[in-house]
Amino acid sequence: MRQEWLLPSQMNEVSESTAQETKGAVEQELCQLEEMISKIDELRKRGAFGIDAQRRLQGYEEFRRHAVGKVITVETEKEGKLSFRVSQANSDFAMTSGNLATPLSPVGYLCRQAYLGFEGKSPAWGTYEVVEVRTLSRFFGQEAEDNILNYKSMERSVFPDLYSTDENMFHVSNLSKSLNNWFSRDQSSDSNQASTDDDNAEIESGVEFDTFESFDFFENFDSSNELLGEDDDYRSVNAMEDDQIDEYYGLSNYFYLNPTKEQLDVMCSSVSKGPMLIEGVAGSGKTCAALGRAKTLCDAAYGASDQVIESTTFFSQESSVGFVRTGELVQYLKATCLELGLAQLPICEYKELQHDLQQLRDVEQWSSRKSGDQQTSQSKYRYLTSLDYSFDSETTMEWLKLVDGYATQVIAERMIKVASSLRMPESLVLTPQLPYEDASALVDMCKDVYLQSVSMLAQHIQSNTSALGLDKIVLELNAVISRLENQLFDPQSKWISTGKGKWQKVQSRKQALSKLRSVNGTFIRYSKQERIQNFVVSNASDLKNLIRSSDVVKDQFGVTIEEAQSDIAWSESKDNEVSKSAVPHFSCEQGGKRYAVFIVEEEDIDFYAVKNELLVKVEGQIRPALTSNPFHAVLEKNAKAGVTKTTLAKELRRQLKNRLFNNLHFSDLYAAALALAEKSGEAVSLPAKRINNKQLADHDIDVILALAHVMSRSANIDTIKNLPSRLAEPTYYRSVFVDEVQDFTEIQIFLMGAQAHPDYNAVTMVGDMQQQLLSGKVRNIQSCFPYQTSVDSVLLKENKRQEKQPQLLATSHLFRALVQDDGRMAISNLDEMRRLSRVGGAKEFIDNTFESCDDDVVQVIKKLPRGRTIAVICPTNEMAVELESRLRDVLAAENFRQSYVAERVDLSKKYLVHFSSPQNIKGLEFDTVVLVGMERVDWNSQVDRNSVYVAVSRPRKQLVVIGDREQVPEHVIDCFAVEQV
């Protein structure tokens with residue numbers, strides 16, 4: 001049993017001792033707050049030092065703003081009673097006297113999940129039980145600084161006695177004023193004392209107090225002020241969460257220190273878990289848990305070593321992002337982030353991401369043209385605003401796989417064709433050092449090496465068994481060029497010429513000399529400085545090559561040596577003493593000229609090569625024995641602006657990059673892939689025709705962007721020189737949050753998830769398939785993460801939004817189970833759920849048509865307190881426009897209320913009556929929802945049923961449903977029915 005009181009307003013209802021205990025709790029928290037704020041202000045004034053000074057100062061600011069949010073008292077076996085305080089601020093500020101804990105410390109983790117009666121066991125405490133819980137909230141807005149030493153409200157939960165399992169809940173608003181009120185009551189007359197002797201006798205005898213029904217009592221309490229003196233201005237609080245939401249635009253931060261077990265598990269899940277899907281019924285705190293996880297990841301980056309989650313400096317607010325589908329959620333979630341200390345976390349519409357990536361990837365393929373004296377830009381592709389056929393299949397990951405498969409074939413064919421397009425530029429001015437024959441041979445060599453490399457790559461990508469064949473293809477293409485660079489274009493490499501138009505790269509001088517000898521090369525020592533030019537031989541093979549390439553070779557005695565006699569002649573000359581003298585050992589005649597030939601050691605030939613004094617004659621051509629890379633021979637290039645120095649390597653590299661990268665455009669590739677798919681018999685004629693006509697629909701852009709990401713993964717622009725920015729890997733976010741994931745397409749989810757840094761893949765998605773309002777959207781979340789083995793999934797079933805109104809909670813639960821047929825929400829006691837949904841004043845069904853409901857809507861709004869947020873929801877936005885135009889003047893005249901039609905609901909405008917449709921209120925919540933035109937709903941449509949569920953689950957306090965009963969199915973009426981009083 002749970003009983004609630006407002007103190008000091010209801011001091012007459014409770015015992016003196018109970019009132020004094022609550023008063024003592026108020027005094028204690030205000031005293032602790034004053035001490036903490038004083039120390040925080042001192043720290044702020046003093047400033048912080050060190051590399052994390054800015055972060056520490058931000059932590060102090062957050063603590064000053066939020067202070068303590070929760071206090072628990074634990075009865076322990078070994079240590080007696082212990083009290084601990086926890087703040088949402090992950091600050092290094094500590095205060096021993098208050099046992100202050102940070103939210104990610106073990107004690108803070110315990111405080112956050114603790115509730116009255118929470119039990120456990122630890123080595124330090126033994127068995128323990130939570131015997132008191134206090135939750136505190138701060139003032140907002142203009143009242144905040146004036147109440148920096150005050151709390152707006154406190155909720156204190158305790159057991160009535162040592163043996164009771166009941167719960168007493170005491171609410172105190174404006175703690176400083178309440179404390180003053182207590183003092184004034186202590187000094188007042190006996191008639192105003194907290195209780196009479198008879199009352200105390202009743203309390204001591206254990207008579208139960210009546211529990212105040214939350215809705216009726218507190219509505220009356222607000223208006224009548226009947227329990228307060230004329231000077232009192234205390235505002236009643238039914239629950240801390242309600243109190244904060246009433247005053248605050250956005251989701252309350254109450255959840256962060258008071259989560260359910262499931263929410264806390266999500267918030268503190270491992271940073272290395274990868275993608276996570278948080279599913280849940282409407283109002284279950286999915287978004288809260290996801291934002292809590294974002295805060296946890298960012299706070300853990302600067303936390304201590306004893307955190308409940310591993311610490312990493314990787315995550316930060318500015319480098320994270322939250323994606324939403326519609327603009328109405330942007331400001332709503334930004335306000336929540338501000339209260340969570342996540343003011344720097346960007347919240348963006350998906351269209352903003354699409355726009356940015358569209359520019360990065362050059363989807364439209366803009367080109368620059370000169371018209372007269374003006375330079376104009378023109379796009380190759382045009383945007384198509386609507387289609388006349390169902391394109392749902394084109395938004396799935398299966399479609400992306402189909403396109404990827406045919407794009408793989410297109411790329412493979414193109415890579416092979418590039419080889420035949422490589423040619424020596426006609427503009428090059430060749431030199432005697434690199435004549436046309438040699439240069440042409442080098443180009444052919446480049447073709448062969450490239451073709452060998454890309455042939456292997458083409459086979460690899462076409463036989464790729466991974467999810468997407470074009471994965472990292474830009475990186476792979478760059479690897480082809482890199483291999484070519486290493487094999488042919490390395491300026492430090494050494495080469496030899498083995499004949500006209502014959503070039504070969506060598507790894508060492510020894511290899512070079514061996515290769516030259518194998519092609520009958522003869523060595524010449526040439527030293528311009530020493531004026532030396534003669535042939536040298538170091539073995540019989542050298543002598544034999546010399547004989548073969550000369551007209552005649554003679555020994556030192558003038559005897560002609562034939563090739564068959566070379567071994568004997570070499571042996572005799574080698575043994576002769578004359579070989580050690582400066583007299584030539586042989587002579588040779590070539591082309592009518594006579595040359596000296598010396599016998600030298602092999603080391604001498606190697607030494608001549610080192611000194612660049614060794615030439616080689618092969619096939620009548622004399623060149624240095626070892627040359628620098630001929631691809632880097634300096635050439636001249638004819639240009640309009642004059643003669644430019646260049647190299648063959650530079651020209652061939654430019655051709656390769658131009659054909660592989662500069663001419664690679666994603667939209668053209670998509671068109672080519674669809675054309676090939678159609679030719680292969682795939683049913684893609686409609687999109688193929690559209691793309692061929694250079695028209696792109698919105699979902700085509702998503703496909704192209706997804707294809708671009710697949711291809712450019714790991715293509716870091718810092719490591720790949722001169723890579724066009726459209727082909728480069730994008731800058732990643734450290735973590736990604738996706739709200740209302742069910743209303744995105746699979747390809748959109750893939751793109752948003754792909755923005756998370758691959759080191760952690762920290763993607764948190766929240767959604768509910770029973771709130772999917774657009775047909776053809778995501779069916780398989782796992783398919784959206786082809787590079788992940790799994791996506792962790794959590795289902796939250798507890799409706800926190802409507803838990804204070806059991807009638808509304810039961811209605812949402814019934815609708816989900818009976819109308820939407822959600823098997824996961826099996827109801828064990830259907831009759832009891834029906835009873836709960838029909839009892840109370842939080843729900844009303846009005847039997848009327850959309851055409852005749854004007855007065856009903858006006859009367860409902862007329863009865864509501866001025867501070868409530870009100871949404872009038874119609875099945876379509878067109879109906880909302882019509883109804884608002886009918887009621888605008890009446891609402892203004894009779895109720896002094898302004899109305900508007902909201903395609904983007906702005907809940908910060910609480911004074912307006914919002915007319916809208918379910919599609920525009922996703923993720924939001926209102927005090928009162930008036931649901932109009934139920935007879936216009938197509939109850940056979942899953943999307944329409946989901947839309948009604950969205951509307952039914954939005955209100956926190958009141959739901960009014962208007963519809964023609966005869967045109968609404970009976971099982972739907974069963975959910976909306978109420979007991980007649």
Side-chain angles (χ1 to χ4, degrees), residues 431-435 438-439 441-442 445 449 485-550 553 566 570 573-574 576 578-588 590 593 595-635 647-649:
T431 65
Q433 288 75 30
L434 191 67
D438 283 354
L442 290 172
M445 181 188 297
V449 173
E485 294 268 3
N486 292 332
Q487 286 183 256
L488 301 182
F489 298 161
D490 180 7
Q492 304 301 320
S493 61
K494 294 297 181 182
W495 290 68
I496 59 174
S497 173
T498 58
K500 293 181 179 179
K502 299 176 184 178
W503 289 93
Q504 191 170 351
K505 179 182 175 183
V506 292
Q507 302 300 321
S508 64
R509 290 189 301 276
K510 183 177 180 180
Q511 183 190 33
L513 298 177
S514 176
K515 290 284 185 182
L516 291 171
R517 285 179 171 125
S518 68
V519 293
N520 301 325
T522 55
F523 299 118
I524 303 170
R525 185 191 178 196
Y526 172 77
S527 174
K528 186 175 182 181
Q529 185 176 3
E530 299 180 33
R531 296 189 175 184
I532 296 174
Q533 182 175 341
N534 50 251
F535 284 91
V536 290
V537 293
S538 63
N539 54 43
S541 176
D542 286 348
L543 181 59
K544 188 177 294 185
N545 286 340
L546 184 65
I547 296 172
R548 290 171 180 169
S549 61
S550 301
V553 175
S566 60
W570 171 257
S573 298
K574 189 70 173 169
N576 196 306
V578 182
S579 64
K580 298 178 182 180
S581 69
V583 179
H585 308 99
F586 303 99
S587 64
C588 69
Q590 295 183 4
K593 293 183 179 181
Y595 299 93
V597 181
F598 287 88
I599 294 176
V600 297
E601 299 294 336
E602 181 66 24
E603 291 80 1
D604 293 328
I605 290 185
D606 189 61
F607 180 68
Y608 302 150
V610 171
K611 292 180 65 179
N612 295 321
E613 294 181 358
L614 186 68
L615 304 178
V616 66
K617 183 177 182 181
V618 180
E619 295 183 357
Q621 188 178 39
I622 299 176
R623 292 177 181 269
L626 274 91
T627 69
S628 57
N629 193 328
F631 283 101
H632 287 275
V634 178
L635 304 173
T647 65
L648 198 56

Requested in this report: Mind checking the CZ-OG spacing from Phe535 to Ser549? Nearest 0.5 Å is all I need.
Outcome: 6.0 Å
Query raised in the report: Within a strict 4.5 Å, meaning less than it, do heavy atoms of the Trp570 and Ile599 side chains meet?
Result: yes
Query raised in the report: Could you state the interatomic distance from OG (Ser573) to CZ (Phe586), rounded to the nearest 0.5 Å?
Result: 3.5 Å
**Report entry** Side-chain touch Leu614/Leu513, heavy atoms, less than 4.5 angstrom
**Finding:** yes
Report summary line: Between the CD atom in Gln511 and the CD atom in Gln504, the distance rounded to the nearest 0.5 Å is 7.0 Å
Query - Under the side-chain contact (heavy atoms from CB on, under 4.5 Å) test, residues paired with Ala441 that sit two or more places apart - result: none
Report task. Using a 4.5 Å cut-off on heavy atoms from C-beta on, say whether the side chain of Trp495 contacts that of Ser628. Result -> no
Requested in this report: Would you name the heavy atoms of Leu543 and Ser566 that are closest together and state the gap between them?
Outcome: CD2-O, 3.6 Å
Query raised in the report: If every non-hydrogen atom of Val618 is compared with every non-hydrogen atom of Gly499, which pair is closest and at what distance?
Result: CG1-N, 4.1 Å
Query raised in the report: With a 4.5 Å heavy-atom cut-off, do Phe523 and Ile605 have their side chains touching?
Result: yes
Query raised in the report: Does a side-chain heavy-atom distance below 4.5 Å link Val537 with Val597?
Result: yes
**Report entry** Over 12 non-hydrogen atoms of neighbours within 6.0 angstrom of CZ in Phe607
**Finding:** no
**Report entry** For Asp606, salt bridge (Lys or Arg N to Asp or Glu O under 4.0 Å) partners two or more places apart
**Finding:** Arg509
Report summary line: The ring-ring contact (aromatic ring centres under 6.0 Å, His included) partners of Tyr608 (sequence neighbours excluded) come to none
**Report entry** With sequence neighbours excluded, residues passing salt bridge (Lys or Arg N to Asp or Glu O under 4.0 Å) with Glu530
**Finding:** Arg525
Query raised in the report: How far apart are the closest heavy atoms of Ala625 and Ile496, and which atoms are they?
Result: O-CG2, 3.2 Å
Report task. Identify the two heavy atoms, one from Ser493 and one from Asn629, that lie closest to each other, and give their separation to 0.1 Å. Result -> OG-ND2, 3.3 Å
Query raised in the report: Would you say Asp542's side chain and Ser538's backbone share a donor-acceptor pair under 3.5 angstrom?
Result: yes
Query raised in the report: Looking only at atom types and distance, does a side-chain atom of His585 sit under 3.5 Å from a main-chain N or O of Phe598, one as donor and one as acceptor?
Result: no
Report task. Please examine the side chains of Leu488 and Lys505, heavy atoms only from C-beta on, and report whether any two atoms are closer than 4.5 Å. Result -> no
Requested in this report: Determine which pairs satisfy salt bridge (Lys or Arg N to Asp or Glu O under 4.0 Å) with at least one residue from residues 618-633, sequence neighbours left out, and list them in order.
Outcome: Asp438-Arg623, Lys502-Glu619
Query raised in the report: At their closest point, which heavy atom of Cys588 faces which heavy atom of Leu546, and how far apart are they?
Result: SG-CD1, 4.2 Å
Requested in this report: Mind checking side-chain hydrogen bond (donor to acceptor under 3.5 Å, both in side chains) for Trp503 and listing every partner two or more places apart, or none if nothing turns up?
Outcome: none
Requested in this report: Could you please spell out the steps behind the side chain to side chain contact (heavy atoms under 4.5 Å, CB included) verdict for Ile524 and Asn534?
Outcome: CA-CA 5 Å; Ile524 303 170; Asn534 50 251; over 6 Å; no
Query raised in the report: By side-chain contact (heavy atoms from CB on, under 4.5 Å), which residues pair with Ala649, not counting sequence neighbours?
Result: Phe489, Phe631, His632, Thr647, Arg653
Query raised in the report: Who pairs with Ser550 by side-chain hydrogen bond (donor to acceptor under 3.5 Å, both in side chains), at least two apart in sequence or on another chain?
Result: Gln590
Query raised in the report: Which residues pass the side-chain contact (heavy atoms from CB on, under 4.5 Å) test with Tyr526, sequence neighbours left out?
Result: Lys528, Gln533, Leu615
Query raised in the report: Who pairs with Ser541 by side-chain contact (heavy atoms from CB on, under 4.5 Å), at least two apart in sequence or on another chain?
Result: Asn539, Asn545
Query raised in the report: Looking at Ala439 and Leu648, what are the two nearest heavy atoms and their distance?
Result: O-CD2, 3.8 Å
**Report entry** Within-4.5 Å side-chain heavy-atom neighbours: Val616 and Thr522
**Finding:** no
Report task. Just jot down the side-chain hydrogen bond (donor to acceptor under 3.5 Å, both in side chains) partners of Ser518, sequence neighbours excluded, or say none. Result -> none
Report summary line: For Lys611, the salt bridge (Lys or Arg N to Asp or Glu O under 4.0 Å) test, sequence neighbours excluded, returns Glu613
**Report entry** More than 12 heavy atoms of other groups within 6.0 Å of Glu602 CD
**Finding:** yes
